[in-house]
Structure formats: C-alpha cells, structure tokens
Undergrad: 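What follows is a structure written as structure tokens; I'll ask about it next.
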Amino acid sequence: MSIPVVTRFAPSPTGYLHIGGGRTALFNWLYARGRGGKFLLRIEDTDRERSTPEATAAILRGLTWLGLDWDGEVVSQFARKDRHAEVAREMLARGTAYKCFSTQEEIAAFRAAQEAAGASYAVFISPWRDADPATYPDAPYAIRMKAPRTGETVIEDQVQGRVVIKNETLDDMIVLRSDGTPVYMLAVVVDDHDMGVTHVIRGDDHLNNAARQQMVYDAMGWTVPVWAHIPLIHGPDGKKLSKRHGATGVEEYQAMGYPAAGMRNYLTRLGWAHGDAEIFTSDEAMKMFDLSGIGRAPARLDFKKLENTCGHHMAMAEDAALLHELQAYLTAAGRPALTEGQVSLMKQALSFLKSSAKTFPELIDKAAFLMVSRPIARDAKADEALDTVSRGILKSLTPRLHSANWTKEALEPILTGIAAENGIGFGKLAAPLRAALAGRTVTPSVYDMMLTIGREETVARLSDAAL
RNA sequence: GGCCCGUUCGUCUAUCGGUUAGGACACCUGGUUUUCAACCAGGUAAGAGGGGUUCGACUCCCCUACGGGCUGCCA
C-alpha cells in the first residue's frame, strides 16, 4: 500500500501562464490524476513587488483553459509567512540554523574584495556561524541555515538521475530575512511539506536549488519528496523561449484558436514519450504518463506538429463540445459571436467541418458559407467562375431542386445529370456552384453546403448568382 | 570564474552493449478527389567531434565544442 501521490504546481504571479509553466502543470496533473492522487495549486506570491492579482487570475484562466483542474483551495504562499517564520525559529532551536548579523553591505564588500583579488568565486560563510550567542549584538539579524560544510548532498532525481552536489560549493542560505520575512527557498519546502506534496515535478532551473532545499528537509527531519526536474522548453532556434519566438503565454494559444485537447496532447509529447504513442486522449495520457518517460534534453516548440496534433483532436471531438469551445474561442479572440441562426447551422456542419480543420480560425474559414447572408459577396475567382455559360446552367438547375428530396443521394443524380447534359465534368459544375453558394471557390463539398443551408436558401443563392 | 544538466533524421522522440537505428511532424513523389484540405501509398533524412573500455558501442568512461541552468536578505 503506497502513499497517495500529491503533486503541485507553484507559479509566481508575475505575469501570464508561460507555455513552459503550462507543461509543468500538465505533467504534475497527469501524474497525480493517473494515480488517483491530488494535484494542488499554490501561488508563490512572496515577492510583493512583482506579484499581482491580475497575474494570478491570468494563471488560473490559463490552467482552466488547458483543462487542468486542481484540488482544494488555491494556496497563497504569502499568507503562510508566519508559518515559514515559525519553522525558521524551530531550525534555530534545533541548532540547524543561526542568527547572522552580517549586513548586506558587509557581504557585498566581501564579494567585491574577492572579485578585486581576481580570485575565483568563493562562497560567503558568515562569521556568526559558530559565534557565541553571548557576543551577539543588539542589531537586526537574518536567520541562516547551518548547512554542512563537508560531504555532499545527493539528489536522486527521477529525470536527471543521481545528481551529486559538493556541500562546500553551497553557502549557508538565508531562510528568514532580517525584516522577518521568509525567503522562497524556505517557503517552498515548508509549504510542500505542510501540503503533503510527495512528488515535486518542476523545471530543471530548480535542480541546483533542490540540494539546498533538501538540506532544509533534513534539518527539520522531514521526508524528502520525490524529485523530478524537467527540462525547459526552447524556441524553434533552440534558444530559451522568449517573446521574440512569438507566443509564450498559454492564453495566446487559445486566442490563436488551438483546441485545448490538442494543446494538451502536444505539450504532453513535448519532452515525454511512451513508445510510439502520438495521438491520445487525456485519459489515455494519464494511464501512460510516467516520470521515466521524460527526456533530459530541452525540447523545441514546433508549430507544425502542434497544428497536426490539434487537427486530430478537432476531428475526434464531439460536436456539442466542439461548438462550445468554438464559441469560447471567438470570445477569447475578440471575434464576433455566432448568431442563433449560425449556431444551428454550425451544429449540422460541424460533423464534416471538423474532419479537416486544425484550428478554430480554419474551422470558421471553412464555415464561411454559413456565416454569410444574401446577397453573397463574391471574390474575384468566384466572379470568374460564374461566367455566362455557368449562369445558364445554374438557371436550368434551380427548378429541378424544388421537388428533390434534400439528401445527398437524391441531389447527386441531379447535379451529375446537369453536368452531363451540358457536356462538362462535375468539376466544372462544382466551381460555379461554390461561387454561388459561398462566394468563393475554395469551400467544403457542394453537397455538404447544400444540405446544411437547406433547399430554400440554396435555391435563393443559386438564383441570385444566375441573374 | 565555480558548480550542475544536456547533445539520435530539420523538429518531437524510440533504443536501456549486438537493430537494415523504429515511429510521428515537416518535406518530396505518386494515388484518390468536386476546389482547399483531409485521406492512402512510397521516399529523402540522424547518433556533435575526439579519445578510451569491450569480441562488439547511439548506449559505459574521459576530453573538447556547443546549448542551458544555478551561483541574491528574487522567485
């Protein structure tokens, strides 16, 4: 009987949800959900200067769009500052931390002197580390962890393997600032411990930090969680992902019209693999997901593959759900909402539209024929397709549509018949039909369009064009 | 500067000492077709470089190069 898995995502609310953060959250979510565990959310808002409620809201929106639901209340790290300070005091009492009266000026001077001497970087060891409390001045002090100076700290990482850090390369990190506020490194450990986090899955920019955090666990006699430091995501050029690569915020992807299921699938496969599995649902991903499948090298974003993956999910989606997401997309992208009439037409059209669209903008574009109203504006190519001969054919076609059953089976012989009578292939007939029905020459199948808009509208559009 | 991590087709990756190095995206060719797409079939394409270890290395070790991270009273 193993302990239930508890994972967490702990972003800093200093901006939107970064795509890399989204993937980190996704991995934590998949791992927990696939094992009947819990996935918690904690906002690391201890930096009061940079943290904003807007950023927190944006992060929550991003996670929600991605479909990553968390358990329980969102924890504010800042709100727990007293608890953090309490632990710092306990470390003091246990003798695993000490009061350091060195001022920031003194520390800066030490580093400057090191640099001036041309010496290689040296860790700062506070002179108060082993000082007699009797010598303590009546001055503000910070609390520093009394870290081991010899030996090594070993991080058994599920992704990176066994990482050995020599203790002499680490300084005695401050756990409580002289103003009494806790430092991030302490806060994470205390929070993760108090929240019962069993698996810490996060970016590998924290790999080195893990050593110092592990020292805090040891100092408090707490159980060290399972570590899994995952590589960061890079831009297409292999450099760290930044604004110049284009979209870095999760919400930007929503606004670009990628379906969330496709996004999840793509992000899951970015830096993680399970044999040849490429296209899968979230349920399937939960079953397959494991830490051992995570790669150690940073992955690059590939929009082409993202689109392809999204195309599969678009086609897999259920019409009703897809319609909802389409409407959410229109809102997110600031595009006009569907009218009631368009919604009902869309319900019929989705079944064939979704099979070939990869994104919502593409879906909308293919649905142009049901978004327009008479008189239908035509582009240049559509005008070209409606030459005199074609108009004549359309004119002769409309009467036959009045009595026809409105099914593809009934319509097909009528259209092919008209084409044959005029000695042209069906392709030649389809062009003016597209032009008449949609005002453009690139459209879904003419049958699909006719069936969707119905007899009355079809005849009206054809008559308009035949004039 | 020090320490840590990484490097298989253009991209995401499989491989866990012995394979014609597999799959997916992209690309190219052909097919299907009512346009675009989708779809089907086929093809081009990879172990950063150099040393070891071994009967045998993509796989293990070392060096170099390149990329990334950490090195704060930031998170």
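Throughout, a chain's letter reflects where its sequence line sits, starting with A, and its residues are numbered from 1.
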Undergrad: Among G68(B), C73(B), U35(B), which nucleotide has an atom closest to any side-chain atom of S445(A)?
TA: U35(B)
Undergrad: Which of residues 354-370 of chain A have a heavy atom under 4.0 Å from RNA chain B?
TA: S355(A), S356(A), K358(A), K366(A)
Undergrad: Dump the pairs, protein N or O against N or O of nucleotides 43-50 of chain B, anything under 3.5 Å, distances to one decimal.
TA:
none

Undergrad: Dump every N/O contact between nucleotides 4-7 of chain B and the protein below 3.5 Å, one line per pair.
TA:
| unit_1 | atom_1 | unit_2 | atom_2 | d |
| --- | --- | --- | --- | --- |
| C5(B) | O3' | Q160(A) | OE1 | 3.3 |
| C5(B) | O2' | Q160(A) | OE1 | 2.9 |

Undergrad: Return the polar atom pairs (N/O with N/O) between nucleotides 57-62 of chain B and the protein under 3.5 Å, or none.
TA:
none

Undergrad: Check the side chains of T24(A) and R202(A) for a donor-acceptor pair under 3.5 angstrom, ignoring hydrogens and angles.
TA: no
Undergrad: Going by side chain to side chain contact (heavy atoms under 4.5 Å, CB included), name the residues that satisfy it together with A431(A), two or more places apart in sequence or in a different chain.
TA: A385(A)
Undergrad: So, do F289(A) and W272(A) have ring centers that fall under 6.0 Å from each other?
TA: yes
Undergrad: Pairs under 3.5 angstrom, nitrogen or oxygen only, protein versus nucleotides 18-25 of chain B, please.
TA:
| unit_1 | atom_1 | unit_2 | atom_2 | d |
| --- | --- | --- | --- | --- |
| G22(B) | N2 | D276(A) | OD1 | 3.3 |
| G23(B) | N2 | R269(A) | NH2 | 3.2 |
| G23(B) | N2 | E278(A) | OE2 | 2.8 |
| A24(B) | O4' | E278(A) | OE2 | 3.4 |
| A24(B) | N3 | K305(A) | NZ | 3.0 |
| C25(B) | O3' | N308(A) | ND2 | 3.3 |
| C25(B) | O2' | K305(A) | N | 3.3 |

Undergrad: Please give, in whole Å, the distance from U34(B) P to I418(A) CD1?
TA: 17 Å
Undergrad: Using the benzene-type ring in the case of Trp, are the ring centres of Y217(A) and H193(A) under 6.0 Å apart?
TA: no
Undergrad: Using heavy atoms to find the nearest nucleotide of RNA chain B for E44(A) and I294(A) separately, return the residue whose nucleotide is more 5′.
TA: I294(A)
